[in-house]
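Numbers here are sequence positions counted from 1. All figures in this text were calculated on a predicted structure; none of them were measured in a lab.
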Amino acid sequence: MNFVKRAGTSLRARKSKAAALLAVFVVLCTLLLGGFLLQGATVRQEAEVQRRVGVDVTVRGEGLTRHLADRLGGSERVHRYNPVLSLRAGARGFAPLRSEGGGSDAAGAGDGEQPAVALNGVRDFGLLLPFSYGSARITAGRGVAPGDADRDVVVVEERLAARNGLTPGDTLRLASADGGRTVSATVVGVFRDPAPDPARWTPSYELPGNLLYVPVRTAERLGAGASDVREAVFRIGAPEQAEGLHSAAERLLGGGDFDFRVNDKAYRDQVRPVQRVGAFAELIVWLVAVAGALILGLVVLSQTRERREELGVLLSMGERKWKLVGQLVVEVAAVAVPAVFLAVLIGRVAGGPAGDALLPRAADEPAAHPGTAPAPVDPPELRAGAVDVGRVAGIALGISLVATVVPGVGILRLHPRSILATDT
């Protein structure tokens, strides 16, 4: 009889032992699949953390202009960037806040009068430190976004908005420091700065309520040709990319003195738990593979000893020893294949709860409303792809091969006469 057909007959005759072997294989395949799914999910979650949280690099130095910041921000390693251009401006048609306690101040900005408000020209509101860490927050509307680069928009502090009855959609007129240029900007947002009003007299442009945010190009038009930005913040994917960004900044700034600071605390706080889960998943795969080979090897070895008489009869009938080993391999492999599909079904049912329990939740930075509290990012779903199933099937078949071939070495040393004589 063909040894493949004989393997099928043997499995049908030994249903209880085949079922026990199937149960062992299902447990092993489920653990293997779980390890691979965890590995894949941690890779996806780490990539998502790199995209959403990332590492903030702050560059300060003389000669840093918006155009240089744009060139540096165009690097493939930079996900987002935000140059900050600070200046003073005058108010037209609205009343800035005034400090208590006396002193002189002017609402306008011409004829030697002191500018009344402070402007920060920005590109990406979400990268401003007070808003990304939650000390300041948007209370109405939105912040300045990259899409506002060619628009005249403004975000005002709520104390200034309350004094002038401003809401998103209203228009403010801002004047340059010399009074020669005027810009009409649409209010798109209102924010709250937790800094209190000073107790002593302070110039109006230093009051926290008189700070306004506008796009960088709007600030440039009001800045009488001033183009040097105070600083630029660049968000990159990982701390390892900071060295390349530093080299690029050095080339653009001509090798001059500049301050280059890397803030990777938030990134490391989010990525390290994910990496630990990935390392744990890899350990699971190795332990299950080794332990599975040992357990199945012992099971097959015990079954081989129980079948000495059967093997002796087959050898006495002239059956070749390699076919007996092949029969054992086919029997175990025939059990391994359905075990893989059962493991996939179990993975589909238990994947969601397992991912929620094992994968850490990363904090997402709000994009639409910078300054609001960070919302947790749900862990990625544990989903079995064709590659994962193929890897589990390959390891399962490899375990079945090792678990049968190693004990099968003893079959090659068997002699039918000694077996039958011992059994009788």
Can you tell if the side chain of [X] reaches within under 4.5 Å of the side chain of [Y], non-hydrogen atoms only?
{"X": "Val155", "Y": "Phe125", "answer": "yes"}
{"X": "Asp388", "Y": "Leu33", "answer": "yes"}
{"X": "Phe25", "Y": "Val332", "answer": "yes"}
{"X": "Val117", "Y": "Tyr205", "answer": "no"}
{"X": "Ser99", "Y": "Leu207", "answer": "yes"}
{"X": "Asn164", "Y": "Asp170", "answer": "no"}
{"X": "Val214", "Y": "Val183", "answer": "no"}
{"X": "Pro208", "Y": "Pro198", "answer": "yes"}

Ring centers of His246, Phe234 separated by less than 6.0 Å: no

message = Which label fits Phe191 and Phe131: parallel for a plane angle under 30°, tilted from 30 to 60°, or perpendicular past 60°?
response = perpendicular

Is a donor on one side and an acceptor on the other found under 3.5 Å between the side chain of [X] and the backbone of [Y]?
{"X": "Thr42", "Y": "Gln39", "result": "yes"}
{"X": "Thr202", "Y": "Arg200", "result": "yes"}
{"X": "Asn120", "Y": "Tyr213", "result": "no"}
{"X": "Glu157", "Y": "Asp193", "result": "yes"}
{"X": "Thr58", "Y": "Arg261", "result": "no"}

Step by step, would you call Ser204 with Arg98 a side chain to side chain contact (heavy atoms under 4.5 Å, CB included)? CA-CA 6 Å; Ser204 65; Arg98 294 182 179 276; 5.6 Å; no

Spacing of [X] atom [atom1] and [Y] atom [atom2] [to the nearest 0.5 Å]:
{"X": "Gln241", "Y": "Arg235", "atom1": "CD", "atom2": "CZ", "answer": "13.0 Å"}
{"X": "Leu97", "Y": "Asn210", "atom1": "CG", "atom2": "CG", "answer": "4.5 Å"}
{"X": "Leu222", "Y": "Leu85", "atom1": "CG", "atom2": "CG", "answer": "10.0 Å"}

Above 12 or not: heavy atoms from other molecules or residues under 6.0 Å from CZ of Arg230?
yes

Exercise: do Thr65 and Asp228 side chains pair donor with acceptor under 3.5 Å: no

- Can Arg221 and Asp152 be counted as an ion pair, charged N to O under 4.0 angstrom? yes

TODO: Could you go through the side chain to side chain contact (heavy atoms under 4.5 Å, CB included) check for Arg163 and Phe94 one step at a time?
DONE: CA-CA 9 Å; Arg163 178 172 183 178; Phe94 69 97; over 6 Å; no

| task | Apply salt bridge (Lys or Arg N to Asp or Glu O under 4.0 Å) to Arg159 and Asp197, showing your working. | result | CA-CA 10 Å; Arg159 282 167 285 193; Asp197 292 327; 3.1 Å; yes

field: Stepwise side chain to side chain contact (heavy atoms under 4.5 Å, CB included) check, Leu212 with Leu160
entry: CA-CA 9 Å; Leu212 285 71; Leu160 181 66; 3.8 Å; yes

Using the side chain to side chain contact (heavy atoms under 4.5 Å, CB included) rule, take Arg142 and Asp148 through it: C-alpha gap first, then chi angles, then the decisive distance, then the call.
CA-CA 11 Å; Arg142 61 175 179 86; Asp148 296 321; 2.7 Å; yes

